[in-house]
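Sharing a structure, written as structure tokens. Questions coming.
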2 protein chains.
Amino acid sequence: MRRKTWQRDAVRDELEQQSGFVSAQGLHATLVTQGTAIGLATVYRALADLASDGDADSLQSDDGETLYRACRTDSHHHHLICRQCGRTVEIEAAAVEKWARKVASDNSFTHEYHVIDIFGLCPDCAK
Amino acid sequence: MRRKTWQRDAVRDELEQQSGFVSAQGLHATLVTQGTAIGLATVYRALADLASDGDADSLQSDDGETLYRACRTDSHHHHLICRQCGRTVEIEAAAVEKWARKVASDNSFTHEYHVIDIFGLCPDCAK
DNA sequence: CGTGCTAATGATAATCGTTGTCAAAAGTAA
DNA sequence: TTACTTTTGACAACGATTATCATTAGCACG
């Protein structure tokens, strides 16, 4: 049985506050800076639980960190992210949304959600 | 100036021998088992060079390893993943690949790569 | 051929994200 | 309350990767 603790709530709330993907360490640092005394291991555990409950997406960044994002099934958007400076551009993806839903239903998968993000080098960092 | 060494050749040859993705450690182990005395750090460096030269693809596995594959542009694919049991279905995404590249170039981003994964509940887990 | 310069190697130490450990603290049902 | 059990958190441990640095060996060029 999963118990309700203020730590889990704090992690969930802070994750929902974030616009994009965050690392466990980053989220922990944010919480601590805000005056929330919470252990790093607890943040890792809370995020792992959120991800396995389907309340968060997770993916591996190219430098080996696990990144998390609050799972928004309603209105979510995608990002084009510069891997050098972190600059992001919001992108329209209606066609891809539809494609993702179709792939899922073609394979009889339900409760579909997806992680679609594009990375690259922005013009300024390309030189 | 990049010098030619038998170690780099050994890594490249062995990588081309492999059918799918391999980790640096795995490739090193294979080489050593075959009687090739080569250092682990050298394998890491050779693979990183191959990847940055565009001769190999690299990606992060879900357990945090960097995996390498000799570059074959026709075998890039994405996954439909059951978030309950982990069962995965490989999916073709040629149209989405093209879309991702277009989004990147429309915004003058170069060296594009993307994270596209679809999650859901497979038929068995849906009940 | 040497000879000199310097990139590459490899054993090992260091780093970094993450997970395991375990005693203490706190949620929950009675 | 009480009893039981999960969760927490400080810290140790772990595994993949990277840095260090003395040694080795490509690769011009004489």
Side-chain angles (χ1 to χ4, degrees), chain A residues 1-15 18 20-53 55-69 81 83-84 86 115 117 119, chain B residues 1-15 18 20-53 55-69 86 113 115:
Chain A
M1 146 205 355
R2 177 152 297 163
R3 293 177 181 175
K4 177 172 157 57
T5 64
W6 64 263
Q7 287 95 334
R8 281 188 184 348
D9 287 344
V11 168
R12 160 169 287 168
D13 290 349
E14 185 54 39
L15 187 62
Q18 303 286 329
F21 282 94
V22 215
S23 68
Q25 312 234 16
L27 207 148
H28 175 250
T30 305
L31 285 169
V32 169
T33 310
Q34 289 175 357
T36 309
I38 188 173
L40 177 57
T42 303
V43 173
Y44 273 102
R45 281 185 289 239
L47 286 173
D49 285 348
L50 286 173
S52 78
D53 289 353
D55 293 329
D57 300 332
S58 69
L59 63 84
Q60 303 287 131
S61 77
D62 44 334
D63 55 334
E65 280 181 318
T66 303
L67 303 180
Y68 295 90
R69 172 179 68 182
I81 304 159
R83 65 158 159 262
Q84 192 85 66
V115 173
D117 285 288
F119 297 82
Chain B
M1 145 208 352
R2 177 152 297 165
R3 294 177 180 174
K4 178 172 157 55
T5 65
W6 65 263
Q7 287 97 333
R8 278 182 175 9
D9 287 343
V11 169
R12 160 169 286 166
D13 291 348
E14 185 54 40
L15 187 62
Q18 302 287 328
F21 282 94
V22 215
S23 68
Q25 311 235 17
L27 209 149
H28 175 250
T30 306
L31 286 169
V32 169
T33 309
Q34 289 175 358
T36 309
I38 188 173
L40 177 58
T42 303
V43 173
Y44 272 103
R45 280 186 290 239
L47 286 173
D49 286 348
L50 286 173
S52 79
D53 289 353
D55 294 328
D57 298 333
S58 69
L59 62 81
Q60 304 286 132
S61 78
D62 4 337
D63 55 331
E65 281 180 318
T66 303
L67 302 181
Y68 294 91
R69 170 183 70 180
Y113 73 95
V115 173

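Every chain is numbered from 1 and lettered A, B, ... according to where its sequence line falls, protein lines coming before strand lines. All of these numbers come straight from a predicted model, not from anything done at the bench.
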Spacing of A:Gln18 atom CD and A:Leu67 atom CG [to the nearest 0.5 Å]: 11.5 Å
With the side chain of B:Glu65 defined as its heavy atoms from C-beta on, choose the nearest nucleotide among C:dT21, C:dG10, D:dA16. D:dA16
Sugar-phosphate only, base, or nothing, as touched by B:Arg2 at under 4.0 Å among non-hydrogen atoms: sugar-phosphate
Using whole Å, report how far CG of B:Leu31 lies from P of C:dT9. 13 Å
Using only side-chain N and O atoms of A:Arg3, determine if any of them is under 4.0 Å from OP1 or OP2 of D:dT5. no
Under 4.0 Å between a side-chain N or O of A:Thr5 and OP1 or OP2 of D:dT8? yes
Separation of C:dT28 P from A:Lys4 NZ (nearest whole Å): 8 Å
Would you classify B:Ala48 as touching base, sugar-phosphate or nothing, given that sugar-phosphate means primed atoms plus P, OP1 and OP2, and contacts are heavy atoms under 4.0 Å? nothing
Can you find a side chain N or O atom of B:Tyr44 that sits less than 4.0 Å from OP1 or OP2 on D:dT18? no
Residue pair A:Arg8 / A:Asp49: nearest heavy atoms and the distance that separates them: NH2-OD2, 3.0 Å
Has B:Ser23 got a side-chain N or O lying under 4.0 Å from the OP1 or OP2 atom of D:dA16? no
Residue that, paired with A:Leu15, satisfies side-chain contact (heavy atoms from CB on, under 4.5 Å) out of A:Val43, A:Leu47, A:Thr30: A:Leu47
Quickly work out the A:Asp49 CG to C:dT18 P distance and round it to whole Å. 15 Å
Return the CG to OH distance between A:Asp57 and A:Tyr68, rounded to the nearest 0.5 Å. 11.5 Å
Do B:Thr33 side-chain atoms and B:Ala29 backbone N/O form a donor-acceptor pair below 3.5 Å? yes
Would you classify A:Ala46 as touching base, sugar-phosphate or nothing, given that sugar-phosphate means primed atoms plus P, OP1 and OP2, and contacts are heavy atoms under 4.0 Å? nothing
When rounded to whole Å, the NE2 to C1' distance for the pair B:His28 and C:dG10 reads 9 Å
Send over the distance from B:Ile38 CD1 to D:dT24 P, rounded to a whole Å. 18 Å
5'-most by nearest nucleotide on DNA chain D - A:Gln7 or B:Thr66: A:Gln7
Given atom CD of A:Gln25 and atom C1' of C:dT18, what is their separation to the nearest angstrom? 8 Å
Interatomic distance, B:Leu47 CG vs C:dT9 C1' [rounded to whole Å]: 15 Å
Ignoring backbone atoms, establish whether B:Arg8 has a side-chain N or O less than 4.0 Å from OP1 or OP2 of C:dT9. yes
Minimum-distance nucleotide to B:Ala41 side chain [options: D:dC11, D:dT8, D:dA19]: D:dA19
Expressed as a whole number of angstroms, how long is the span from B:Leu40:CG to C:dT9:P? 13 Å
